*Asks:* 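The structure that follows is given in the form of structure tokens.
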There are 2 protein chains.
Amino acid sequence: MRKLVYLWNMDLQEGKDKFIQAWGTLGSHWGINRTMAQVHALLLISANPLCAETIMSELQISRGNANMNIRALIDWGLVFKELKPGERKEFFVAEKDMWEVIRQVIVQRKKKELEPIIKVLNEVGQIESETGPDVEEFEKVIRDISLFATKADSTLDSLIKADQHWFVGTFMKMIK
Amino acid sequence: MRKLVYLWNMDLQEGKDKFIQAWGTLGSHWGINRTMAQVHALLLISANPLCAETIMSELQISRGNANMNIRALIDWGLVFKELKPGERKEFFVAEKDMWEVIRQVIVQRKKKELEPIIKVLNEVGQIESETGPDVEEFEKVIRDISLFATKADSTLDSLIKADQHWFVGTFMKMIK
DNA sequence: CTCAACTTTCAAATACTTTTGAAAGTTGGC
DNA sequence: GCCAACTTTCAAAAGTATTTGAAAGTTGAG
């Protein structure tokens, strides 16, 4: 009997660890650093808010690292601070609605990636010059990409505003 | 007069450099390393195919670096080899259709990111165990994410198959 | 005001990624 | 077969990003 309980614990823990690892890897492809994504994963699969101390020991990371990444997650709107009455320390919960998670990631990446490239495209599109095959090719490529970037920008704005029902209903049906 | 010509050259060169830098930064957020994206940018804005030597000197990079990144771009389907009759060395041209570029990036990232997480989700969703709040929360989160991941998977498959007209026409109108 | 409990900061250390360049490999033409 | 022109490889070096931990900062309770 003792052995059975032990094996069951291992299975859940193993599953959690596997998920935390995988979420960390996925995050690192999405502008979220590995540890930041692992903290998010840990909070996602936790039934209760966790404090910094617990996060540090579960993920085997330092205090500074935990603090920095928790703050970054709060900035991204993926984690919220929760204060328990009578307790001095802070507890944290993850945004668990996947649609909301995606939206926040889109907002952040749009700001950090799309907006800067649109700015550069506008700047370099303004070259006053003689004609020539090089200039023409350059300007054509810049025009094409600008068009694309502008479309992507408004598409993302719409996605950010859209709610999940709209997305899952209308969009999913449409692409089938 | 000499001065005017010189200034005009500087402007085009400046524009090209700015664009190459920006495309490099953008690429590094998209699983394409900085140099790889810069090589792609250089080829994008070039009116003619370029050889390794030219790429090396324009971007000030080593032979090995140039070679590795050109090969990677070819693997991703973003650059094509072109042989000029009578010339021994290889020349390269970029995929210039932005829609095709995006499609290739989606294909690669789906393979490297979405498919592995779906595999892990299926594995960890199989835990046989007693009930308890921890297990329930874990399984609920995994189920939610699985659902989402499966939807994303089929959405991306459709996008990959879709052509630009469909996308720009139907999709863009829809989200307005 | 003071203390203890907690959070934040940041310079140095570590880990990870990319780049270099020289040597090895390949290939077409003679 | 042999050479010269070109491409590929890969171990070491350089460059980036992340992590640590100890010290400084903050804050509520007494």
Side-chain angles (χ1 to χ4, degrees), chain A residues 20-21 23-43 49-76 79-93 108-109 112-113, chain B residues 20-21 23-43 49-76 79-93 108-109 112-113:
Chain A
I20 289 170
Q21 289 308 317
W23 203 244
T25 305
L26 185 64
S28 65
H29 291 291
W30 276 86
I32 294 164
N33 92 34
R34 197 185 166 64
T35 306
M36 191 172 157
Q38 289 182 342
V39 172
H40 184 241
L42 177 64
L43 292 172
L50 305 180
C51 64
E53 213 66 42
T54 310
I55 293 170
M56 286 164 58
S57 74
E58 288 276 321
L59 300 180
Q60 304 271 350
I61 59 175
S62 72
R63 183 171 301 284
N65 197 9
N67 183 71
M68 265 178 81
N69 285 299
I70 292 168
R71 294 310 132 191
L73 283 165
I74 292 175
D75 287 348
W76 279 54
V79 161
F80 309 101
K81 199 180 286 194
E82 190 150 302
L83 294 169
K84 293 194 183 179
E87 291 253 32
R88 182 103 171 246
K89 66 186 164 193
E90 299 171 327
F91 288 78
F92 305 97
V93 288
Q108 298 287 332
R109 298 195 69 187
K112 280 204 299 207
E113 297 169 35
Chain B
I20 290 170
Q21 289 308 318
W23 203 243
T25 304
L26 184 65
S28 64
H29 290 292
W30 275 86
I32 293 163
N33 90 36
R34 196 183 167 69
T35 307
M36 190 172 158
Q38 289 182 341
V39 172
H40 183 243
L42 178 65
L43 292 172
L50 305 180
C51 65
E53 215 65 42
T54 311
I55 293 170
M56 285 164 58
S57 75
E58 288 276 322
L59 299 181
Q60 304 272 351
I61 59 175
S62 72
R63 184 171 300 288
N65 196 9
N67 183 71
M68 263 176 84
N69 285 299
I70 292 167
R71 295 310 133 191
L73 283 164
I74 292 174
D75 286 349
W76 278 56
V79 161
F80 309 101
K81 197 181 288 193
E82 190 150 302
L83 294 169
K84 292 194 183 177
E87 292 252 34
R88 183 105 170 245
K89 66 185 166 195
E90 298 171 327
F91 288 78
F92 304 97
V93 289
Q108 298 286 335
R109 297 196 71 187
K112 280 205 297 204
E113 296 168 37

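If you're wondering where the values come from, they're calculated on a predicted model, not measured in any experiment. Atom set for the values below is all heavy atoms of this structure, side chains included, hydrogens, waters and symmetry mates excluded.
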*Asks:* Can you tell me how far P of C/dT7 sits from NZ of A/Lys81, to the nearest Å?
*Replies:* 9 Å
*Asks:* Across the strands shown, which category fits B/Asn65 at heavy-atom distances under 4.0 angstrom: base, sugar-phosphate, nothing?
*Replies:*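 It contacts base atoms.
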*Asks:* Between A/Glu58 and A/Leu42, what is the shortest heavy-atom contact and its length?
*Replies:*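 Residues A/Glu58 and A/Leu42, closest heavy atoms: CB-CD2, 3.8 Å.
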*Asks:* Using the salt bridge (Lys or Arg N to Asp or Glu O under 4.0 Å) rule, take A/Lys89 and A/Glu53 through it: C-alpha gap first, then chi angles, then the decisive distance, then the call.
*Replies:* CA-CA 10 Å; A/Lys89 66 186 164 193; A/Glu53 213 66 42; over 6 Å; no
*Asks:* Over all heavy atoms of both residues, which pair between B/Val79 and B/His40 is shortest? Give the atoms and the distance, please.
*Replies:* CG2-CD2, 4.2 Å
*Asks:* Counting side-chain heavy atoms from CB outward, which of C/dT20, C/dC6, D/dA4 is closest to A/Arg88?
*Replies:*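 From the listed options, C/dC6 comes nearest.
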*Asks:* Does atom CH2 (A/Trp30) have a neighbourhood of more than 12 heavy atoms from anything else shown, all under 6.0 Å?
*Replies:*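 Not buried by this count: 12 neighbours or fewer within 6.0 Å.
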*Asks:* Counting any heavy atom closer than 4.0 Å, what does A/Arg71 reach on the DNA or RNA strands: base, sugar-phosphate only, or nothing?
*Replies:*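 Sugar-phosphate, no base atom in range.
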*Asks:* Over how many whole Å does the gap from A/Ile32 atom CD1 to D/dA17 atom C1' extend?
*Replies:* 16 Å
*Asks:* Relative to the 5' end of DNA chain D, which residue comes earlier, B/Met68 or A/Arg34, by the nucleotide with the nearest heavy atom?
*Replies:* B/Met68
*Asks:* Starting from P on D/dA17, measure out to CG on A/Asn69 and report it in whole angstrom.
*Replies:* 15 Å
*Asks:* Would you tell me if any nitrogen or oxygen in the side chain of A/Thr35 comes within less than 4.0 Å of OP1 or OP2 on D/dT19?
*Replies:* yes
*Asks:* Separation of A/Arg63 atom CZ from D/dG25 atom P, in whole Å?
*Replies:*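 So the CZ-P distance, A/Arg63 to D/dG25, works out to 18 Å.
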*Asks:* Please report the distance, rounded to the nearest Å, between CE in B/Met56 and P in C/dT20.
*Replies:* 9 Å
*Asks:* Without decimals, in angstroms, what is the distance between A/Ile70 CD1 and D/dT19 C1'?
*Replies:*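 Taking CD1 of A/Ile70 and C1' of D/dT19, I get 14 Å after rounding.
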*Asks:* Can you figure out which of C/dT7, D/dT20, C/dT8 approaches the side chain of A/Lys89 most closely?
*Replies:*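 Closest nucleotide to the A/Lys89 side chain: C/dT7.
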*Asks:* Round to a whole Å and report the spacing from CD of B/Glu53 to C1' of D/dT7.
*Replies:*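 My rounded result for the distance is 11 Å.
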*Asks:* Is B/Glu90 salt-bridged to B/Arg71, cutoff N-O under 4.0 Å?
*Replies:*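 Between B/Arg71 and B/Glu90 there is a salt bridge, with a charged N closer than 4.0 Å to a carboxylate O.
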*Asks:* Once you round it to whole Å, what is the distance between C1' of C/dA15 and CG of A/Asn33?
*Replies:*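 Between C1' of C/dA15 and CG of A/Asn33: 13 Å.
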